Engineer: 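Once you've had a glance at the structure underneath, I'll fire off some questions.
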Amino acid sequence: MTFRLYDTATREVRDFVPLEEGKAGLYVCGLTVQSEPHVGHVRSAVNFDVLQRWLRHLGYDVTFIRNVTDIDDKILIKSADQGLAWYQLAYRMKRELDQAYDDLNVAPPTYEPAATGHVPEMIVLIEELIAKGHAYAAEDGSGDVYFDVRSWPQYGELTRQRIDDMEAAEDADPRGKRDPRDFALWKGQKVGSEPDTAAWPSPWGKGRPGWHIECSAMAGKYLGPAFDIHGGGVDLRFPHHENELAQSRAAGRPFATYWMHNAWITTAGEKMSKSLGNSLTIPAVLQKYRGIELRYYLVAAHYRSHVEFSFEALDEAAAGFRRIENFLDRAADVLGGIGAHGIACADFVNAMDDDLGTPAAVAAIHEVVREGNKLLGSGDSPALRGNAASVVAMLDVLGLNPADPAWRTGTGGQEEKLLATVDALVAGVLAERSEARAAKDFARADALRDRLHAAGVQLEDTPDGPKWSLS
RNA sequence: GGUGGGUUGGCCGAGAGGCGAGGCAACGGACUGCAAAUCCGUGUACACGGGUUCAAAUCCCGUACCCACCUCCA
């Protein structure tokens with residue numbers, strides 16, 4: 001069976017047929033680094049990370065470009081509010097974002113271009129559009145350059161909207177626009193109100209790039225005029241992706257073959273907007289949950305399904321994931337480690353091939369875990385070996401392998417030392433408890449167990465003796 | 001006004017004409033000194049009203065409610 005994915009442009013699930021056999025070019029709109037990353041931002045990153053991993057698993061040579069928008073109106077406004085240089089704020093938030101990606105085991109893309117580093121490429125593209133009659137410098141002397149939507153009959157093709165049906169922008173400041181729907185490719189510097197560092201020289205005077213042109217220019221630079229998949233959040237369909245498509249095609253570039261959009265995460269029915277409080281920023285959530293648990297929660301829902309975020313649901317997801325982890329721990333104990341070359345089961349592969357059906361893929365993992373738990377009971381080690389390796393292989397595809405070094409917290413081995421220390425202390429208590437049990441002094445044995453439990457240590461009596469874990 | 005998406009059991013969350021995805025929780029059983037973990041079992045859920053069909057959560061028509069986007073929000 002071939003990999004199929006839902007294409008927003010055609011609104012159907014289609015076979016993935018790459019432009020070049022064996023290769024996949026992927027461009028995803030990353031973030032505007034203007035505030036701390038929250039759960040919603042990271043969902044997009046995790047979804048496309050899973051796509052990247054699945055394409056690699058299928059043997060594709062993947063070129064994955066995810067940009068960073070490091071200059072825009074909001075960055076300028078927020079940095080001014082906070083008394084920071086705009087680039088200082090952008091860089092600070094970029095570092096926060098990178099940390100969030102690392103915390104969730106989002107594999108780095110092939111390259112992560114920043115808008116400010118690609119102004120020359122954007123200028124070339126704008127010049128091409130002007131030469132072809134699809135863009136014009138504003139006549140009001142503002143230094144702005146606009147895309148002329150009326151010059152491009154296909155405008156609206158991605159979201160199937162007709163220009164005349166679109167609500168005109170309310171801000172009633174048409175500036176030098178011929179049509180209110182024309183969008184900025186280049187924004188002339190507003191001398192006095194905008195810092196000089198946020199302006200670049202151009203044929204139209206000093207200014208900065210419009211949002212949409214960035215992605216077209218960067219996608220073109222790293223993936224060429226035509227590439228396979230373009231992704232982002234649903235909100236980007238219009239105007240951002242519509243505009244990217246229009247300006248790229250108007251300049252004679254075929255652009256993306258497939259468009260993928262991930263759905264939202266909301267809280268209390270509301271969009272997790274950047275104006276919301278900070279309780280759902282990644283650092284805040286990670287104070288109570290491990291990154292791998294949050295990632296499991298995100299992956300357990302389909303990328304095109306709207307998720308209503310709640311800590312209750314996250315709790316349940318975390319409990320479900322621990323079931324898998326627990327199995328791997330027990331299997332590793334019995335087998336003395338789990339091999340690296342497991343084979344994903346058919347249900348898993350079929351689920352992933354069907355538009356990244358991660359919910360069914362996760363269900364498939366749970367089925368294999370159940371089988372594995374039975375094998376643990378029956379003592380069939382050879383079968384267990386393959387079974388456990390299969391679980392690990394599938395988790396790897398989803399970026400959820402607990403043994404992945406990416407999940408290491410970077411505490412310089414402190415954590416390992418602490419665990420060794422606790423293990424030694426617990427071992428003493430366990431020895432005492434074993435004596436008590438052997439002497440049928442269950443009251444004393446249970447008291448010892450209660451004491452450990454109160455300290456956050458969970459006990460489990462196995463045929464090989466007692467095992468402990470953090471509860 | 002235009003465009004798109006949604007409403008599934010106690011909870012989360014799949015599925016898209018016919019065998020009750022999976023997880024969490026609950027209950028019963030097995031195992032256990034008791035637990036824990038694990039396994040086995042237990043649920044007739046698909047917003048509402050019609051229709052098509054041998055068969056509808058799934059297709060069609062209508063209704064209600066919710067959500068997103070409509071020019072710089074993942």
Side-chain angles (χ1 to χ4, degrees), chain A residues 8 11 28-32 34-35 37-45 47-48 69 72-74 147 149 156 159-171 177 180-184 187 209-212 214 231-240 242-243 261-266 269-275 296-297 300-302 304-308 310 312-321 323-324 326-327 330 347 351 357-367 370 372-374 376-378 437 440 442 445-446 449-450 453 458-462 466-467 469 471:
Chain A
T8 313
R11 292 182 206 174
V28 171
C29 291
L31 285 186
T32 298
Q34 47 131 345
S35 57
H38 58 58
V39 175
H41 296 135
V42 152
R43 178 184 194 189
S44 180
N47 287 155
F48 289 106
T69 297
D72 89 321
D73 290 352
K74 285 188 179 170
F147 183 86
V149 297
T159 50
R160 299 189 190 185
Q161 301 181 88
R162 288 177 311 164
I163 295 175
D164 293 316
D165 289 336
M166 295 176 193
E167 241 171 39
E170 294 239 337
D171 60 358
K177 290 184 183 179
R181 296 146 191 105
D182 289 351
F183 57 88
K187 304 176 79 139
W211 181 31
H212 318 299
E214 298 168 8
V234 272
D235 58 313
L236 298 182
R237 267 179 324 185
F238 192 91
H240 187 51
E242 191 72 74
N243 292 353
H261 293 99
N262 65 274
W264 289 95
I265 289 196
T266 57
E270 273 187 76
K271 188 158 106 180
M272 208 173 275
S273 83
K274 295 174 179 178
S275 56
Y296 177 85
Y297 173 63
H302 189 84
R304 284 195 283 122
S305 292
H306 166 222
V307 169
E308 171 72 21
S310 74
E312 292 73 22
L314 182 49
D315 279 334
E316 290 177 4
F321 184 69
R323 175 182 160 80
I324 298 172
N326 196 264
F327 161 68
R330 295 203 299 152
D347 285 346
T358 52
V362 168
I365 292 175
H366 277 285
E367 294 288 354
R370 176 178 296 111
N373 277 326
K374 279 193 231 179
L376 273 167
S378 66
R437 290 178 72 202
K440 301 249 190 276
F442 295 121
D446 290 351
R449 182 168 65 193
D450 289 345
H453 190 76
Q458 195 92 27
L459 282 197
E460 197 181 317
D461 289 319
T462 76
K467 292 256 164 39
S469 60
S471 57

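So you know, we letter chains A, B, ... as the sequences are listed, proteins then strands, and number each from 1. Atoms considered below: every heavy atom in the structure, side chains included; atoms not considered: hydrogens, waters and symmetry mates. Remember, it's a predicted structure, so these values are computed and weren't measured experimentally.
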Engineer: Need one value for A:G232: base, sugar-phosphate or nothing, where a base atom within 4.0 Å counts as base even if backbone is also close, heavy atoms only.
Structural biologist: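 Touches sugar-phosphate only.
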Engineer: How far does the P atom of B:U38 sit from the matching atom of B:G5, given to the nearest Å?
Structural biologist: 40 Å
Engineer: Between B:A21, B:G33, B:C24, which nucleotide gets closest to the side-chain atoms of A:E367?
Structural biologist: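 So the side chain of A:E367 is nearest to B:A21.
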Engineer: Which part of the nucleic acid, if any, lies within contact of A:R304, taking any heavy atom under 4.0 Å across all strands shown: a base, the sugar-phosphate backbone alone, or nothing?
Structural biologist: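 Counting heavy atoms under 4.0 Å across all strands, no contact is made by A:R304.
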Engineer: Is any side-chain heavy atom of A:I265 less than 4.5 Å from a side-chain heavy atom of A:H38?
Structural biologist: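 A side-chain contact is absent here, since even the closest heavy-atom pair is not under 4.5 Å.
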Engineer: Let's test this: given Watson-Crick or G-U wobble pairing with both distances under 3.5 Å, identify the partner of B:U58.
Structural biologist: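 Because no pair has both required distances under 3.5 Å, B:U58 counts as unpaired.
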Engineer: Between A:T462 and A:R330, is there a side-chain heavy-atom distance shorter than 4.5 Å?
Structural biologist: no
Engineer: Quote, to the nearest angstrom, the C1' distance that separates B:G51 from B:G17.
Structural biologist: 15 Å
Engineer: Round to the nearest Å and state the distance from A:F442 atom CZ to B:U32 atom P.
Structural biologist: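 Atom CZ in A:F442 sits about 13 Å away from atom P in B:U32.
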Engineer: With the side chain counted from C-beta on, respond yes when A:N243 and A:W211 share a heavy-atom pair under 4.5 Å apart, and no when they do not.
Structural biologist: no
Engineer: Give the nucleotide from the list B:C24, B:U38, B:U71 with an atom nearest to the side chain of A:R330.
Structural biologist: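 Within the option list, the nearest is B:U38.
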Engineer: Could you measure between the two P atoms, the one in B:G43 and the one in B:A21, and give it in whole Å?
Structural biologist: 13 Å
Engineer: Determine the interplanar angle of the A:H212 and A:F183 rings, folded into 0 to 90°, and report it as parallel if under 30°, tilted if 30 to 60°, perpendicular if over 60°.
Structural biologist: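 Perpendicular: the ring planes of A:H212 and A:F183 meet at over 60°.
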Engineer: Both distances under 3.5 Å, Watson-Crick or G-U wobble: report the partner of B:U32, or none.
Structural biologist: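 Answer to the pairing question: none, since B:U32 forms no Watson-Crick or G-U pair.
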Engineer: Start with the C-alpha gap between A:E214 and A:H240, add the side-chain angles, then the distance that decides, and say whether side chain to side chain contact (heavy atoms under 4.5 Å, CB included) holds.
Structural biologist: CA-CA 10 Å; A:E214 298 168 8; A:H240 187 51; over 6 Å; no
Engineer: Which of these, A:R304, A:H261, A:R237, sits in a side chain to side chain donor-acceptor pair (under 3.5 Å) with A:T8?
Structural biologist: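 Among the candidates, only A:H261 passes.
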Engineer: For B:G4, give the paired nucleotide (Watson-Crick: N1-N3 plus N6-O4 or O6-N4; G-U: N1-O2 and O6-N3; both under 3.5 Å), or none.
Structural biologist: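 Pairing partner, where one exists within any strand: B:C67.
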Engineer: With sugar-phosphate meaning primed atoms plus P, OP1 and OP2, does A:H261 contact a base, only sugar-phosphate, or nothing at under 4.0 Å between heavy atoms?
Structural biologist: nothing
Engineer: Hey, is the side chain of A:R11 poking within less than 4.0 Å of OP1 or OP2 on B:U3, counting only N and O atoms?
Structural biologist: no
Engineer: How is A:N373 classified with respect to the nucleic acid when contacts are heavy atoms under 4.0 Å: base, sugar-phosphate, or nothing?
Structural biologist: sugar-phosphate
Engineer: Select base, sugar-phosphate, or nothing to describe what A:E312 touches, counting heavy atoms under 4.0 Å on all strands.
Structural biologist: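 The answer is nothing, as A:E312 stays clear of every strand by at least 4.0 Å.
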Engineer: So A:S305, base contact, sugar-phosphate only, or nothing? Heavy-atom distance under 4.0 Å.
Structural biologist: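 Sugar-phosphate, backbone atoms only, no base.
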Engineer: Restricting to non-hydrogen atoms, name the atom on A:R181 and the atom on A:D164 that form the minimum distance, rounded to 0.1 Å.
Structural biologist: NH2-O, 4.5 Å
Engineer: Is any side-chain N or O of A:R323 closer than 4.0 Å to OP1 or OP2 of B:U38?
Structural biologist: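 For B:U38, OP1 or OP2 has a side-chain N or O of A:R323 closer than 4.0 Å.
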Engineer: Start at the 5' end of RNA chain B and walk down; is the nucleotide closest to A:D315 or to A:D72 reached first?
Structural biologist: A:D315
Engineer: Select from A:A300 and A:G40 the residue whose nearest nucleotide in RNA chain B is closer to the 5' end of that strand.
Structural biologist: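 The residue mapped nearer the 5' terminus is A:A300.
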Engineer: Can you measure A:R437 atom CZ to B:G33 atom C1' for me and round it to whole angstrom units?
Structural biologist: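 From A:R437 CZ to B:G33 C1': 7 Å.
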Engineer: Categorize A:G30 for me: base, sugar-phosphate, or nothing, with a 4.0 angstrom heavy-atom threshold over every strand shown.
Structural biologist: sugar-phosphate
Engineer: Of the nucleotides B:U71, B:C40, B:A14, which has the atom closest to the A:H302 side chain?
Structural biologist: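 In terms of side-chain proximity for A:H302, the closest of B:U71, B:C40, B:A14 is B:A14.
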Engineer: Where the side chain of A:W264 is defined as all heavy atoms beyond and including C-beta, which of B:C24, B:A36, B:A68 is the nearest nucleotide?
Structural biologist: B:A68
Engineer: Go through the N and O atoms of the side chain of A:D446 and the base of B:G33, and report whether any donor-acceptor pair is under 3.5 Å.
Structural biologist: yes
Engineer: In whole Å, what separates the P atom of B:C12 from that of B:A47?
Structural biologist: 14 Å
Engineer: Provide, to the nearest angstrom, the distance between the OH atom belonging to A:Y297 and the C1' atom belonging to B:C12.
Structural biologist: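 Rounded to whole Å, this separation is 8 Å.
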Engineer: Given side chain to side chain contact (heavy atoms under 4.5 Å, CB included), test A:R43 with A:V307 step by step and report yes or no.
Structural biologist: CA-CA 10 Å; A:R43 178 184 194 189; A:V307 169; 3.7 Å; yes
Engineer: Taking the side chain of A:R370 as heavy atoms from C-beta outward, which of B:C39, B:G33, B:C73 is closest to it?
Structural biologist: B:C39
Engineer: As a test of reading the structure: which of B:U71, B:C34, B:C12 is closest to the side chain of A:R181, going by heavy atoms?
Structural biologist: B:U71
Engineer: Within the structure shown, what part of the strands sits under 4.0 Å from A:N243 by heavy-atom distance: base, sugar-phosphate, or nothing?
Structural biologist: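 Base: the residue A:N243, judged by heavy atoms under 4.0 Å, touches a nucleobase.
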Engineer: Return the nucleotide paired to B:G22: Watson-Crick means purine N1 to pyrimidine N3 with N6-O4 or O6-N4, wobble means G-U with N1-O2 and O6-N3, both under 3.5 Å.
Structural biologist: B:C12
Engineer: I need the CZ-C1' distance between A:R43 and B:C12, as an integer number of Å.
Structural biologist: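 Rounding to the nearest Å, CZ of A:R43 and C1' of B:C12 are 13 Å apart.
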Engineer: Let me know the distance between CG of A:L314 and C1' of B:C24, rounded to the nearest Å.
Structural biologist: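 Atom-to-atom, A:L314 to B:C24, this comes out as 12 Å.
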Engineer: Whole Å only: how far is the CZ atom of A:R449 from the P atom of B:C34?
Structural biologist: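 Taking atom P of B:C34 as the reference, CZ of A:R449 is at 11 Å.
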Engineer: Take atom CZ of A:R162 and atom C1' of B:C70, then tell me their distance rounded to the nearest Å.
Structural biologist: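 Atom-to-atom, A:R162 to B:C70, this comes out as 14 Å.
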Engineer: What heavy-atom pair brings A:H306 and A:T266 nearest, and what distance separates the two atoms?
Structural biologist: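 Scanning both residues completely, I find the closest heavy atoms to be NE2-OG1, 2.8 Å.
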Engineer: Output the single nucleotide from B:G2, B:G33, B:C73 whose closest atom is nearest the side chain of A:D235.
Structural biologist: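 So the nucleotide nearest the side chain must be B:C73.
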Engineer: About how many Å separate OG1 of A:T32 and CD of A:Q34, when rounded to the nearest 0.5 Å?
Structural biologist: 6.5 Å
Engineer: Kindly say if A:K74 contacts the phosphate of B:C73, meaning a side-chain N or O under 4.0 Å from OP1 or OP2.
Structural biologist: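 For B:C73, OP1 or OP2 has a side-chain N or O of A:K74 closer than 4.0 Å.
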Engineer: Taking atom P in both B:G23 and B:G33, what distance in whole Å separates the two?
Structural biologist: 28 Å
Engineer: Of the nucleotides B:G23, B:U71, B:G33, which one has an atom closest to the side chain of A:F183?
Structural biologist: B:U71
Engineer: So, OP1 or OP2 of B:U71: does either fall under 4.0 Å of a side-chain N or O from A:K177?
Structural biologist: no
Engineer: Mind checking the P distance from B:C27 to B:G18? Whole angstroms is fine.
Structural biologist: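 After rounding to an integer number of Å, I get 34 Å for this pair.
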Engineer: Over all strands shown, is A:R237 touching base, sugar-phosphate only, or nothing at heavy-atom distances under 4.0 angstrom?
Structural biologist: sugar-phosphate
Engineer: Between B:C46 and B:C59, how many Å separate the two C1' atoms, rounded to a whole number?
Structural biologist: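 It comes out at 16 Å once rounded to the nearest Å.
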Engineer: Say you pick atom C1' in B:U7 and the same atom in B:G15; how far apart are they, in whole Å?
Structural biologist: 15 Å
Engineer: Can you check the A:H366 NE2 to B:G13 P distance for me, whole Å?
Structural biologist: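 To the nearest whole Å, that distance equals 15 Å.
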Engineer: The side chain of A:P239 lies closest to which of these nucleotides: B:A35, B:C70, B:A36?
Structural biologist: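 Of the options given, the side chain of A:P239 lies nearest B:C70.
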Engineer: What is the pairing partner of B:C73, taking Watson-Crick or G-U wobble pairs with both distances under 3.5 Å in any strand?
Structural biologist: none
Engineer: Please work out if A:D461 contacts a base, only the sugar-phosphate, or nothing of the nucleic acid, heavy-atom cut-off 4.0 Å.
Structural biologist: base
Engineer: Does B:A45 have a Watson-Crick or wobble partner in any strand here, with both distances under 3.5 angstrom, and which is it?
Structural biologist: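 Base-paired to nothing in any strand shown.
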Engineer: Go through B:C24, B:A36, B:G13 for me and flag the one nearest to the A:Q458 side chain.
Structural biologist: B:A36
